[in-house]
Amino acid sequence: QVQFVESGGGLVQPGGSLRLSCAASGSPFTIYPMGWYRQAAGKQRELVARMNFDGSTGYIDSVKGRFTISRDNAKTTIYLQMNSLRPEDTAVYYCNNVPDARAWGQGTQVTVAS
């Protein structure tokens, strides 16, 4: 049973940075592609960034150049470095498989406000 545990969220001012972490249980061969999703209040969950087993990545336009997805050497922890944060980045952030998500974790709240 693959599970994802997210951490690293918090309150940050506009222009600030945060680094999210996601620990995934399970073999790296079963947990990719992986991605970071977010869900803002009253909105649908959206995929923000993804990483394939070979390390290739993809981002939605609104975060390109600001967010970076990466992973550890064991390929079981992925990170999301978020720079130049904006109020519209406020959301609960989750990690999960792409495109067929498994059970969702609790996520980690990111709030960008003055």
Side-chain angles (χ1 to χ4, degrees):
Q1 182 82 15
V2 177
Q3 294 181 319
F4 303 99
V5 179
E6 305 91 348
S7 62
L11 172 63
V12 64
Q13 292 186 340
S17 298
L18 282 173
R19 189 192 195 207
L20 307 183
S21 298
C22 168
S25 62
S27 166
F29 298 102
T30 62
I31 60 177
Y32 284 89
M34 287 182 69
W36 281 99
Y37 299 76
R38 68 185 178 188
Q39 186 168 22
K43 295 188 177 182
Q44 288 191 329
R45 186 154 26 208
E46 63 175 347
L47 178 63
V48 173
R50 66 176 287 163
M51 175 174 278
N52 297 317
F53 184 80
D54 65 1
S56 58
T57 60
Y59 303 90
I60 58 171
D61 286 346
S62 61
V63 307
K64 282 181 181 177
R66 301 190 299 122
F67 290 10
T68 302
I69 188 170
S70 62
R71 66 186 177 191
D72 67 349
N73 289 337
K75 300 183 177 64
T76 56
T77 300
I78 64 167
Y79 306 98
L80 188 67
Q81 178 67 43
M82 305 186 296
N83 299 328
S84 302
L85 282 162
R86 305 167 180 170
E88 54 264 38
D89 295 319
T90 295
V92 180
Y93 284 71
Y94 305 85
C95 62
N96 211 315
N97 286 131
V98 178
D100 299 321
R102 301 176 187 265
W104 294 97
Q106 291 188 332
T108 186
Q109 175 71 47
V110 172
T111 302
V112 184
S114 300

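Residue-environment remark: CD (Gln44) stays at or below the threshold of 12 foreign heavy atoms within 6.0 Å.
Counting all heavy atoms, side chain and backbone alike, Ile78 lies closest to Tyr32 at CG2-OH, 4.0 Å. Residues Asn52 and Pro33 approach most closely at OD1-CB, 3.4 Å, considering heavy atoms. Pairing each heavy atom of Ser17 with each of Asn83, the nearest pair is OG-OD1, 2.9 Å. Across every non-hydrogen atom of Ala24 and Met34, the tightest pair is CB-CE, 4.1 Å. When all heavy atoms of Pro99 and Tyr37 are compared, the closest pair comes out as O-OH, 4.2 Å. Tyr94 approaches Gly105 most closely through the heavy-atom pair CE2-O, 3.5 Å.
Applying the salt bridge (charged side-chain N to carboxylate O under 4.0 Å, His left out) test to residues at least two apart or on different chains, the pairs with a partner in residues 41-60 are Arg38-Glu46.
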Could you tabulate the donor-acceptor pairs under 3.5 Å formed by side-chain atoms of residues 6-15, not counting sequence neighbours?
residue, atom, partner, partner atom, Å
Glu6, OE1, Gly107, N, 3.0
Glu6, OE2, Cys95, N, 3.1

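Looking at Met82 and Asp89, their side chains never come closer than 4.5 Å, going by heavy atoms from C-beta outward. At least one side-chain heavy atom of Asn97 sits less than 4.5 Å from a side-chain heavy atom of Phe4.
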- request: I would like to know whether Thr77 and Arg71 meet side-chain contact (heavy atoms from CB on, under 4.5 Å); could you show each step before the answer?
  value: CA-CA 6 Å; Thr77 300; Arg71 66 186 177 191; over 6 Å; no
- request: Show the numbers, then the answer: is there a side-chain contact (heavy atoms from CB on, under 4.5 Å) between Ser62 and Glu88?
  value: CA-CA 10 Å; Ser62 61; Glu88 54 264 38; over 6 Å; no
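A distance of 8.5 Å separates CD in Gln81 from CG in Leu20, rounded to the nearest 0.5 Å.
No side-chain donor-acceptor contact under 3.5 Å links Tyr93 to the backbone of Val48. Asn96 places a side-chain N or O within 3.5 Å of a backbone atom of Arg102 that can act as its donor or acceptor partner. In this structure, the side chain of Asp72 engages the main chain of Lys75 through a donor-acceptor pair within 3.5 Å. Counting only distance, with no hydrogens or angles, the side chain of Thr90 and the backbone of Val112 share a donor-acceptor pair below 3.5 Å.
When hydrophobic clusters are built by joining Ile, Leu, Val, Met, Phe, Trp and Tyr residues whose side-chain heavy atoms come closer than 4.5 Å, directly or via intermediates, Leu80 is not grouped with Val92. The hydrophobic clustering, which links ILVMFWY residues whose side-chain heavy atoms are closer than 4.5 Å, places Leu18 and Tyr59 together. Both Leu85 and Ile60 are assigned to one and the same hydrophobic cluster, defined by single-linkage of ILVMFWY side chains at heavy-atom distances under 4.5 Å.
Between Trp36 and Phe67, the ring center distance fails the sub-6.0 Å criterion.
Salt bridge Lys64/Asp61: present, at least one basic N to carboxylate O contact under 4.0 Å.
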